[in-house]
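Structure first, commentary second.
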Amino acid sequence: MQVTLEKNYPVAGNVAAAWQVLSDIRELASCMPGATITEQTSETQYKGSVKLKVGPATAAFAGEITVLEVNAGEYLLRMIGKGADKGGSSASMELTANLIAGDGVSCTLAGKADVIVNGKFAQFGGRMMTSVSDMILQQFAANFSAKAAALNVVPPVAADAHGHVHPHDHAHDHAHDHAAAPAAAPAIPTELNVMGIVWGLIRNFFASLFGRRS
Amino acid sequence: MNAPINERQAALMGMGESRLRKEDARFIQGKGNYVDDLKLPGMLHMAIVRSPLAHARIKSINKEAALALPGVHAVLTADDLKPLKLHWMPTLAGDVAAVLADEKVHFQMQEVAIVIADDRYIAADGAALVEVEYDELPVVIDPFEALKPDAPVLRDDLAGKTEGAHGKRYHPNHIFTWEAGDKEATDAAFTAAAVVVQEKMQYPRVHPCPLETCGCVAAFDPIRGELTTHITSQAPHVVRTVVSMLSGIPESKVRIISPDIGGGFGNKVGIYPGYVCAIVASIVLGRPVKWIESRIDNLSSTAFARDYHMDGELAATADGKIQALRVNVIADHGAFDACADPTKFPAGMFHICTGSYDIKDAYCRVDGVYTNKAPGGVAYRCSFRVTEAVYLIERMIDVLAQKLGLDKADIRMKNFIQKEQFPYTSAFGFEYDSGDYPTAMTQVLEAVNYKGLRAEQAIVNANPAAPTLMGIGLCTFTEVVGAGPSKICDILGVGMFDSCEIRIHPTGSAIARMGTITQGQGHQTTYAQIIATELGITSEEIQVEEGDTNTAPYGLGTYGSRSTPVAGAAIALAARKIHAKAKKIAAHLLEVSENDLEWEIDRFKVRGNDDKFKTMKDIAWAAYNQPPAGLEPGLEAVHYYDPPNFTFPFGIYLAVVDIDKATGETKVRRFYALDDCGTRINPMIIEGQIHGGLTEGFAVAMGQLLSFDAQGNIQGNSLMDYFVPTAVETPHWETDHTVTPSPHHPLGAKGVAESPHVGSIPCFSNAVIDAFAHLDTTHFDMPYTAFRVWKQLKAVGATH
């Protein structure tokens with residue numbers, strides 16, 4: 001199951017702040033709900049994990065990230081991540097992220113992701129893949145934006161790049177919380193709650209029936 | 001006992017009566033006895049670890065965590081089966097299939113390891129704990145891609161083998177090339193023809209969907225050295241032979257029991273890794289082992305059907321007389337060639353594809369190809385590949401009619417084999433035993449007012465403002481069933497005969513044991529009716545027993561509409577042996593010569609004397625207690641029937657559909673099915689079979705599909721996606737019949753269960769495409785979901 005997503009996301013931080021987040025793989029990974037970097041194995045290679053929760057079932061993807069290109073001049077990052085779960089799913093994502101400068105307090109994150117999913121998730125979730133990937137990237141972009149925003153207001157030298165993350169019970173609410181409080185360090189859940197995403201999809205579906213999307 | 005003839009006749013409930021199904025009383029009360037109902041003392045449960053990937057090398061399998069789980073008894077992989085030489089097994093098609101993946105996996109959901117535990121839940125938990133590491137390999141899903149020179153090689157185990165079970169292999173992913181007909185004469189006819197049409201069509205990969213999935217309970221008795229296996233099999237005797245060959249246990253110590261079977265439709269013909277693993281596990285552990293498939297496992301890994309990419313051509317005169325047929329097929333067989341066909345026919349009876357038409361020259365070629373999909377290729381409610389063949393010819397004749405601007409009924413009438421041409425030898429060499437197509441066709445066209453329908457269609461489809469398109473589909477098919485004559489038909493070398501053993505008890509009731517096995521066909525009802533008519537014993541007093549290899553005579557089982565054509569004949573001939581002996585006994589009792597006796601419903605009577613008679617009941621008692629001198633006591637017979645030919649049931653189907661131009665939804669307004677299955681044994685059961693077959697045909701045409709993404713992930717392998725029509729979607733069926741008995745069958749019967757499936761699918765296709773005929777559409781592929789039809793409406797600019 002292959003899905004290509006190409007999308008622009010607004011970032012509530014200036015391009016320099018955003019680049020700080022983007023070029024730090026650990027920081028970047030922590031924007032992905034449920035993802036952590038566990039080990040750096042070479043200059044460009046990392047080991048990490050993603051925890052996924054679908055209702056009562058959890059899956060832990062263990063995988064590798066290889067950074068293919070970091071271009072500070074063009075604010076461009078390319079990386080490829082591959083992972084597998086013991087329960088019979090595997091996934092890979094080739095990501096190209098490019099920051100486009102904005103007005104000094106904001107910028108745009110232009111992302112292109114080629115996602116390939118195999119195994120159970122591809123069998124059962126095939127037709128929802130695009131929507132689910134879209135929602136995951138939205139959450140990711142929102143977290144990214146919040147992190148960049150936090151760097152915007154706090155002088156970079158004082159920034160704690162590995163800011164403490166508080167556990168948060170309402171994962172799906174989070175994407176909507178952050179905009180009101182750009183200064184607060186974002187609380188990122190430690191696992192990706194797919195039920196939350198599915199709920200978001202259902203809400204969007206019904207909203208779209210009445211001509212609007214949340 | 002001297003009741004009037006008609007009363008005695010009615011009391012028998014013999015052939016031709018709509019006797020109520022004897023099976024239903026227990027099924028509707030939940031008293032059926034299916035494999036999963038069986039609980040044996042000390043029984044363990046098996047779960048299967050399956051591959052998440054379609055093509056990958058296995059780097060490692062770690063059993064530790066699974067074995068550490070309390071309640072898990074064993075975890076077995078291919079390496080454990082290797083010393084027993086059971087990690088691969090022979091298939092019915094002359095190939096081998098992995099029992100458990102050996103070094104690499106060839107399709108998603110392939111069996112990689114098994115876990116045996118105290119209950120089903122622990123087994124499933126254990127399976128989740130088995131850690132398998134894979135190295136991904138490039139996946140090949142499209143059979144055309146598989147045949148490209150640089151395609152990845154799927155079967156390492158066949159490396160360098162240029163000779164397969166059916167001749168030369170020209171590519172590592174090529175299985176066989178099978179040809180029939182006269183290529184030269186056909187090519188010449190095409191060169192000379194006034195009109196040629198060609199159409200490419202895909203008969204997609206579908207899967208039978210019986211209510212009961214596959215499963216077994218294997219119980220090896222280490223003291224006696226006996227193996228008893230209750231199994232969901234349509235061919236228990238063949239299973240016994242194969243199990244004995246694979247395990248080395250003498251066939252006399254292997255007992256296979258097919259209890260009640262909740263539908264088969266071809267899915268339960270094959271021998272699956274799950275069965276083999278459960279048997280091995282039982283032998284290894286010395287305890288009974290149960291394996292029951294989940295629905296997802298069933299749809300993903302046990303045998304699929306179809307997956308034929310067909311390229312058809314017809315050559316004809318300018319006025320629509322067909323001169324030649326040419327067909328090329330790429331057959332996607334998946335990772336192992338496990339197609340269930342008679343050994344000599346790797347494409348089954350696909351060469352019935354000249355259909356009901358008198359076509360002088362014909363040629364067909366089928367190339368089997370390996371891909372990273374589950375193996376199979378079973379006959380889903382049809383005789384071997386007959387559904388594909390009928391689809392091809394019935395679509396092609398419509399394509400020709402459209403090209404020539406001829407009416408689709410007229411072109412059929414013009415090309416039918418005529419009644420006086422039977423027995424008719426087709427260009428492919430089949431000898432059609434009997435048929436009368438024009439009479440049946442006329443009956444249908446009049447019943448539905450065909451001319452009126454066409455007139456209505458012309459008005460509706462000429463009006464761009466009309467909310468719907470109207471389509472009329474015809475299918476005038478001939479099936480070839482009842483495999484088959486053992487001089488050409490065998491499975492693993494066993495001729496495709498079938499058998500019946502009848503015993504008449506001293507008090508005149510009877511038991512019949514059969515080599516077939518019912519899966520819903522109602523054998524216990526209909527077989528008894530045959531004996532009732534042949535022997536004059538009421539059908540209520542006749543027990544029919546099937547499925548236990550320890551008691552039943554050897555037979556090849558039930559599939560390919562072979563029960564009535566083959567086993568039905570065996571019943572009649574076994575009964576006639578008893579009848580002949582009974583006559584001797586009656587003559588002895590009545591003290592007359594046999595020549596002075598005549599048979600009347602339930603008795604022999606002295607010719608012309610209604611008061612001097614002996615009923616079959618009287619004779620049964622005498623057979624045991626006062627047989628004539630020189631005649632051995634008892635009244636029983638066995639008959640093994642090797643049919644001299646196939647039978648050729650036919651039908652004329654007509655469908656009317658209305659397609660919503662806004663949504664693409666297809667409504668079946670009318671479906672009229674006329675079937676000719678020869679002599680009719682139980683009209684009610686025939687009608688039920690036709691309703692069931694039409695509904696399954698509707699399912700295939702309108703929604704069933706197993707599709708795969710580019711990585712080989714199977715899509716839609718649960719009933720969330722896989723279409724099984726309920727009463728809500730199913731159209732109203734109108735049925736009709738003519739009777740053209742088979743001249744070579746002792747009862748004249750031809751078989752019926754599969755006709756409605758085979759015939760209805762092209763009928764639906766023809767109806768849907770007919771709705772687009774005025775928009776120059778000659779074909780688009782099944783299934784006709786609203787989305788696909790809407791896309792076609794969009795493509796021709798007809799959406800609202």
Would you say B:Phe144 has more than 12 foreign heavy atoms packed within less than 6.0 Å of its CZ?
yes
Does any N or O in the side chain of B:Gln711 come within less than 3.5 Å of the main-chain N or O of A:Asn118, such that one atom is a donor and the other an acceptor?
no
What is the minimum heavy-atom distance between B:Gln715 and A:Ala122, and which atoms define it?
NE2-O, 3.3 Å
What's the spacing between A:Met1 CE and B:Asn713 CG if we round to 0.5 Å?
8.5 Å
Between B:Glu133 and chain A, with a heavy-atom cut-off of 4.5 Å, which part of the residue counts as in contact: side chain, backbone, both or neither?
neither
More than 12 non-hydrogen atoms from neighbouring residues, nucleotides or ligands closer than 6.0 Å to CD on A:Glu74, yes or no?
no
If you count heavy atoms of other groups shown closer than 6.0 angstrom to CG of B:Leu719, is the number above 12?
yes
Please classify the contact of B:Gln108 with chain A as side chain, backbone, both or neither, using a heavy-atom distance under 4.5 Å.
side chain
